[in-house]
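Lettering of chains follows the sequences in order, A, B, ..., and the numbering in each one begins at 1.
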Amino acid sequence: MFIYGKTGTGKTAVTKYVLNKLSSKAHELGALIEICYVNCRLAGTEYRVLSSLCDALDVKVPFTGLAVGEVFDRFKDGLDQQRKIFIVVLDEIDALIKVRGDKLLYELTRINETLRHGRTSIIGISNDLRFKEFLDPRVLSSLSEEEIVFRPYDAAELQDILWRRAQLAFSDGALHDSAVALCAALAAAEHGDARRALDLLRVAGELAEREGTAFVSENHVREAEKRVEHDRIFEVLENLPVHSKLVLCSVYLLGKTKLSYTITGDIYGIYCELCDQTGLSPLTQRRVSGLISELDMIGLLNARVVSMGRHGRTKKIRLGIGRSLVRNVFTNNDRFRELLGYVPNCFAGFH
DNA sequence: CCTCCACCGGAACGTGAGGAGT
DNA sequence: ACTCCTCACGTTCCGGTGGAGG
């Protein structure tokens, strides 16, 4: 079966809950059942997904070195020998399919045809509703028999969830109705993400506690919102690879000019200068173009492809986050601090 | 209406560091 | 000792293209 829904709508939680129930019922009845939960985005590759599956069956595989086909065969053999009913949960499966294709999924759907004793069921969980478009029709037909869509929580439902948790976490009277309502409203606006709502409430609580205030107010929630967002971006920014940082820095520097936007070519020019400054050898423009797209995807940049007629086709690029945030992160970094003040040679050409 | 710019983005291939099986 | 894997991260090559300006 397939389960769709945005982040924080309870797909994973519900799946795990139901499988737990199923598992204990199976235990009661003495049925041979095995459940394996894999997060495909974290696993990242077909190989690692398969090796998690093998792990669940106690089939030993090295973490690298084998051909994917070999690992699959071992998995199949293990399954057949143990005569189990195997339930595979592939969470965030869209992430894997988009990058690696649907080969693994196809093999998994047809595995029952070749097994003599074992049986498998697949539960695919996806954040992306359009995910189906990426699938082979054969995979689709065998997996689409059952579909569940988790719609986003609305503000009222979020409030309900928050209150239940709050009863466990907060003392009586420490939480104002309005604060909870605001948490719910903010999260509801952002596609009803319950995890986000809970995060907000937790951070708001921490802020109030640190302040020594007896209760959590709306202001704490607003403060928490800023904090959560800031921390998130800060984290990604800091852990970016050097070249991505340099690209970002180039966009930042170009932002100092009067230009309202920048294009790939300009960025590449400055990027090369920065590489020179730091003693790194620059990557190719093709690669940098790829890095820009990646940065666009995580939201640090806004890039969109435009055609400028005679002046060709390129990407218009802006910073996707506040300039001060970039400055903050780079000032903390010895290597990048001086780059912030760097004046590129090619600025002579801009006004 | 056509041309042609300045890149886009897919695909194939390379590298070097993980390792396995025989 | 040898051949064969994966995998992240790059490079090389190249066909494709929206629309301003001739």
Between [Y] and [X], is the closest basic N to carboxylate O distance under 4.0 Å?
X       : Y       : result
R74(A)  : E70(A)  : yes
R227(A) : E223(A) : no
E235(A) : R232(A) : no
D199(A) : R202(A) : yes
R83(A)  : D80(A)  : no
E28(A)  : K25(A)  : yes
E92(A)  : K11(A)  : no

How bent is the helix from dC1(B)-dG22(C) to dT22(B)-dA1(C), comparing axes over its five end pairs at each side, to the nearest 10°?
->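 Overall, the helix from dC1(B)-dG22(C) to dT22(B)-dA1(C) bends by 30° from one end axis to the other.
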Residues in side chain to side chain contact (heavy atoms under 4.5 Å, CB included) contact with E209(A), at least two apart in sequence or another chain |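 Not a single residue meets the side chain to side chain contact (heavy atoms under 4.5 Å, CB included) criterion with E209(A).
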How about Y252(A) and F336(A): are their ring centres within less than 6.0 Å of each other?
->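 For Y252(A) and F336(A), the ring centres are not under 6.0 Å apart.
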Going by number, which of residues 236-251 of chain A have a non-hydrogen atom under 4.0 Å from DNA chain C?
->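 Contacting residues: none.
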What nucleic acid atoms does R48(A) come within less than 4.0 Å of, heavy atoms only: base, sugar-phosphate, or nothing?
->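 It contacts sugar-phosphate atoms only.
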Using a cut-off of 4.0 Å on non-hydrogen atoms, how would the nucleic acid contact of E70(A) be classed: base, sugar-phosphate, or nothing?
->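 No contact at all - E70(A) keeps every heavy atom at 4.0 Å or more from the nucleic acid.
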Roughly how many Å is it from [atom1] in [X] to [atom2] in [N], rounded to a whole number?
X       : N       : atom1 : atom2 : answer
I263(A) : dG18(C) : CD1   : P     : 18 Å
K316(A) : dA6(B)  : NZ    : P     : 16 Å
Q285(A) : dC13(C) : CD    : C1'   : 15 Å
R287(A) : dC13(C) : CZ    : P     : 18 Å
Y268(A) : dC8(B)  : OH    : P     : 12 Å
Y271(A) : dG10(C) : OH    : C1'   : 11 Å
L42(A)  : dC7(C)  : CG    : P     : 15 Å
R286(A) : dC14(C) : CZ    : P     : 15 Å

Should the pair H230(A) and F234(A) be assigned to parallel (<30°), tilted (30 to 60°) or perpendicular (>60°) ring geometry?
->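 Answer is parallel, since the angle falls under 30°.
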Can a side chain N or O of [X] be found less than 4.0 Å away from OP1 or OP2 on [N]?
X       : N       : result
T264(A) : dA6(B)  : no
K315(A) : dA6(B)  : no
T284(A) : dT11(C) : yes

D276(A): what forms a side chain to side chain donor-acceptor pair (under 3.5 Å) with it, not counting sequence neighbours?
->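 Applying side chain to side chain donor-acceptor pair (under 3.5 Å) to D276(A) gives none.
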Is a side-chain donor-acceptor pair under 3.5 Å present for Q82(A) with H117(A)?
->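 Per modelled atom types, H117(A) and Q82(A) side chains form no pair under 3.5 Å.
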Is Y342(A) reaching over with its side chain to a backbone N or O of E273(A), donor-acceptor style, under 3.5 angstrom?
->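 Not at all, since once roles are kept as given, no pair shorter than 3.5 Å links the two residues.
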Are more than 12 heavy atoms from other residues, nucleotides or ligands located less than 6.0 Å from atom NZ of K6(A)?
->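 Counting neighbours around NZ of K6(A), 12 or fewer heavy atoms of other residues, nucleotides or ligands fall under 6.0 Å, so no.
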Protein proximity profile, nucleotides 12-22 of chain B - base contact B, sugar-phosphate-only contact S, no contact -, cut-off 4.0 Å on heavy atoms = ------BBSS-
Go through dG18(C), dT6(C), dG10(C) for me and flag the one nearest to the Y47(A) side chain.
->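 My answer, after comparing the listed nucleotides, is dT6(C).
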Would you mind telling me which of dC7(B), dA11(B), dT6(C) lies closest to the side-chain atoms of V68(A)?
->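 It is dT6(C).
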Sub-3.5 Å pairs of nitrogen or oxygen atoms, protein against nucleotides 19-22 of chain C:
residue	atom	partner	partner atom	Å
dG19(C)	O4'	S307(A)	OG	3.2

Does K16(A) make a cation-pi contact with Y37(A) (under 6.0 Å, within 45 degrees of the axis)?
->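 Yes, K16(A) sits over the ring of Y37(A).
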